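We use all heavy atoms of the structure for the numbers below, so side chains are in, but hydrogens, waters and symmetry mates are not. Predicted model, so just to flag it, every value in this text is computed and none were measured.
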Amino acid sequence: MAKVLLYTSPGCPDCAAVKRYLEMRGVAFDERDVTAPGVAEEAKSRYGVRVAPITVIDGGALYGTFAEQKSRLDAAFGG
């Protein structure tokens, strides 16, 4: 199974949609809140973006709205 890290922000509807998508497919993931001290900077330095949602699958980052990420999520998780 792929290692998944999800950067989210409280109240973010696209973040919630990505979380629901992963949970519905039984994909385990670690979650990081970009509003916590240093987390947004960590995301920016590692993946070049600091706006949630950022979905990191085996080290490769997807970002943008859920709609923008969905086709790549489907490819990764057989959606």
Check: residues 4-15 side-chain donor-acceptor pairs under 3.5 Å, at least two apart:
{"unit_1": "Y7", "atom_1": "OH", "unit_2": "E42", "atom_2": "OE2", "d": "2.5"}
{"unit_1": "T8", "atom_1": "OG1", "unit_2": "E31", "atom_2": "OE2", "d": "2.7"}
{"unit_1": "D14", "atom_1": "OD1", "unit_2": "F66", "atom_2": "N", "d": "3.1"}

Mind listing the closest non-hydrogen atom pair of Y63 and E68 along with its distance?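 Y63 and E68 have their closest heavy atoms at O-OE1, 4.5 Å.
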At their closest point, which heavy atom of V18 faces which heavy atom of Q69, and how far apart are they?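 Closest approach of V18 to Q69, heavy atoms only: CG2-OE1, 4.1 Å.
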Output the rest of the hydrophobic cluster of V51: all Ile, Leu, Val, Met, Phe, Trp and Tyr residues reachable through side-chain heavy-atom contacts under 4.5 Å, sorted by chain and number.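 Answer for V51: none, a lone residue.
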Results of side chain to side chain donor-acceptor pair (under 3.5 Å) for T35 - residues two or more places apart only: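 In terms of side chain to side chain donor-acceptor pair (under 3.5 Å), with neighbours along the sequence ignored, T35 is linked to D33.
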Could you walk me through whether I57 and F29 pass the side chain to side chain contact (heavy atoms under 4.5 Å, CB included) check? CA-CA 9 Å; I57 304 168; F29 60 91; over 6 Å; no
Could you pull out all residues at least two apart from R72 that satisfy side chain to side chain contact (heavy atoms under 4.5 Å, CB included)?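 Side chain to side chain contact (heavy atoms under 4.5 Å, CB included) check on R72 returns L62.
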Using the test side chain to side chain contact (heavy atoms under 4.5 Å, CB included), find all partners of A40 that sit at least two apart in sequence or belong to another chain.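 Applying side chain to side chain contact (heavy atoms under 4.5 Å, CB included) to A40 gives V34, R50.
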From D74 atom CG to Y21 atom OH, the distance as rounded to the nearest 0.5 Å: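 Here the rounded value is 3.5 Å.
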How long is the straight-line distance from CE of M24 back to CZ of R20, given to the nearest 0.5 Å?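 Taking CZ in R20 and CE in M24, the distance rounds to 8.5 Å.
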